[in-house]
Every structure is written in structure tokens, then in C-alpha cells.
Amino acid sequence: QLQLVESGGGLVQPGGSLRLSCLMSGRISDYAIGWFRQAPGKEREGVSCIGSVGITTYYADSVKGRFTISRHNAKNMVTLQMNSLQPEDTAVYYCAAPMSPYPGICPTITDLGRYDYWGRGTQVTVSS
């Protein structure tokens with residue numbers, strides 16, 4: 001059973017930055033990794049995804065130009081650099097990995113059901 005663990009969340013002022021990390025118990029280089037978030041009272045939504053090779057990336061329109069997803073396979077880690085954070089970015093952030101049919105390819109980030117393994121999340125709060 002694969003395990004994913006997120007870290008790096010916290011409290012930041014508007015306009016600030018945070019870097020989230022996702023560590024995997026298995027070999028992360030075999031898997032695409034997606035980032036998702038869930039704000040209070042809202043449904044979980046896709047934020048970004050990176051393919052296993054690290055060439056293909058996807059972003060939600062709401063974070064394009066502000067967030068950058070990267071892989072560090074030697075460290076078994078995927079990171080999400082978040083800049084220019086705004087209060088509407090406040091949420092619990094989760095990383096997730098697909099299993100089938102192609103674990104190395106990002107399923108669409110709007111279809112959360114296509115991601116099989118999930119971490120427990122890390123809280124990001126943007127507030128002055």
C-alpha cells in the first residue's frame with residue numbers, strides 16, 4: 001500500500017509564499033503526482049499534476065502563473081511552490097497518485113476519482 005505524506009503548510013500573509021512537499025513510501029518516479037485542495041465548506045478541487053518523467057504539468061486556471069509543481073525523484077519527493085498567495089488559497093492541500101491504467105500519466109485534475117492514493121493533507125492559511 002503506497003503512502004503519501006504532505007508537509008510544508010502553515011500560516012502566511014497575503015502575497016507570501018509557501019513550498020509544499022509530498023513524500024511517497026514507494027518509488028515516486030513511477031507515478032504521476034497531483035495536488036488538490038479543499039477549502040472549508042467547499043468540494044475538493046484539483047490544483048496541479050506532474051507526470052512521472054517530469055515533462056508534463058497541468059495547473060488549474062486559478063493558480064497558473066503563481067504555483068509551480070516540480071519533481072525531485074532522487075529525494076522521492078514532489079513539491080508545490082506557491083507564490084503570491086491570497087486568502088482564497090486557504091485550504092487543506094493533498095497530494096495523490098493514480099494507479100491505473102497508467103500510473104505515470106496525469107489523469108485530468110478535475111476527476112478526483114482517478115487518483116487512487118491520497119495523503120492526509122497539510123493546512124495552508126493565508127491571512128493578515
Side-chain angles (χ1 to χ4, degrees):
Q1 180 79 3
L2 291 175
Q3 292 186 338
L4 299 164
V5 179
E6 304 91 341
S7 62
L11 173 64
V12 64
Q13 292 186 342
S17 299
L18 281 175
R19 184 177 185 244
L20 304 184
S21 297
C22 175
L23 283 171
M24 174 184 272
S25 61
R27 193 168 67 181
I28 206 168
S29 59
D30 290 342
Y31 296 89
I33 298 293
W35 281 99
F36 301 82
R37 66 186 182 185
Q38 187 165 17
K42 294 188 177 181
E43 293 187 353
R44 195 172 298 187
E45 63 176 1
V47 174
S48 183
C49 186
I50 186 166
S52 62
V53 180
I55 295 175
T56 306
T57 58
Y58 302 91
Y59 296 94
D61 288 343
S62 59
V63 306
K64 278 181 183 176
R66 299 188 299 125
F67 291 11
T68 302
I69 191 169
S70 302
R71 345 187 30 108
H72 312 275
N73 287 342
K75 298 181 179 180
N76 228 38
M77 179 189 301
V78 168
T79 58
L80 185 69
Q81 178 67 42
M82 306 187 298
N83 298 329
S84 302
L85 284 163
Q86 299 302 318
E88 52 265 33
D89 295 315
T90 295
V92 178
Y93 283 71
Y94 302 87
C95 62
M99 188 62 186
S100 63
Y102 306 108
I105 297 175
C106 286
T108 174
I109 57 175
T110 59
D111 189 352
L112 277 62
R114 303 221 12 221
Y115 291 80
D116 301 285
Y117 299 101
W118 291 81
R120 294 189 174 184
T122 184
Q123 176 71 48
V124 171
T125 303
V126 185
S127 175
S128 55

Any non-hydrogen side-chain atom of [X] less than 4.5 Å from a side-chain atom of [Y]?
X    : Y   : value
I69  : Y58 : no
R114 : P98 : no
V12  : S17 : no

Between [atom1] on residue [X] and [atom2] on residue [Y], distance to nearest 0.5 Å:
X   : Y   : atom1 : atom2 : result
C22 : Y31 : SG    : OH    : 12.5 Å
I33 : T79 : CD1   : OG1   : 11.5 Å
I28 : I50 : CD1   : CD1   : 9.5 Å
M77 : S7  : CE    : OG    : 7.0 Å
K64 : T57 : NZ    : OG1   : 9.5 Å
T68 : L80 : OG1   : CG    : 8.0 Å

State whether the side chain of [X] and the backbone N or O of [Y] hold a donor-acceptor pair below 3.5 Å, judged by distance alone.
X   : Y    : result
Q86 : P14  : no
T90 : V126 : yes
R71 : G51  : yes
E6  : G121 : yes
R66 : S84  : yes

task = Mind listing the closest non-hydrogen atom pair of L4 and A96 along with its distance?
result = CD1-CA, 3.6 Å
inquiry  = If you compare all heavy atoms of N76 against all heavy atoms of M24, which two are closest, and at what distance to 0.1 Å?
reply    = ND2-O, 2.7 Å
query = Is M99 linked to V78 within one hydrophobic cluster, defined over Ile, Leu, Val, Met, Phe, Trp and Tyr using a side-chain heavy-atom separation of less than 4.5 Å?
reply = yes
message = Clusters formed by hydrophobic residues whose side-chain heavy atoms approach within less than 4.5 Å: which one holds Y115, and what are its other members?
response = F36, V92, Y94, I109, L112, W118
message = For the CD atom on Q81, are there more than 12 heavy atoms of other groups (residues, nucleotides or ligands in this structure) within a distance under 6.0 Å?
response = yes
Salt bridge (charged side-chain N to carboxylate O under 4.0 Å, His left out) partners of residues 42-56, not counting sequence neighbours, each pair once = R37-E45
inquiry  = Checking V124 against M82 for the side chain to side chain contact (heavy atoms under 4.5 Å, CB included) test, could you report, in this order, the C-alpha distance in whole Å, the side-chain angles of both residues, the deciding distance, and whether it holds?
reply    = CA-CA 10 Å; V124 171; M82 306 187 298; 3.8 Å; yes
key: From CA spacing to verdict: side-chain hydrogen bond (donor to acceptor under 3.5 Å, both in side chains), S127, T125   = CA-CA 6 Å; S127 175; T125 303; over 6 Å; no
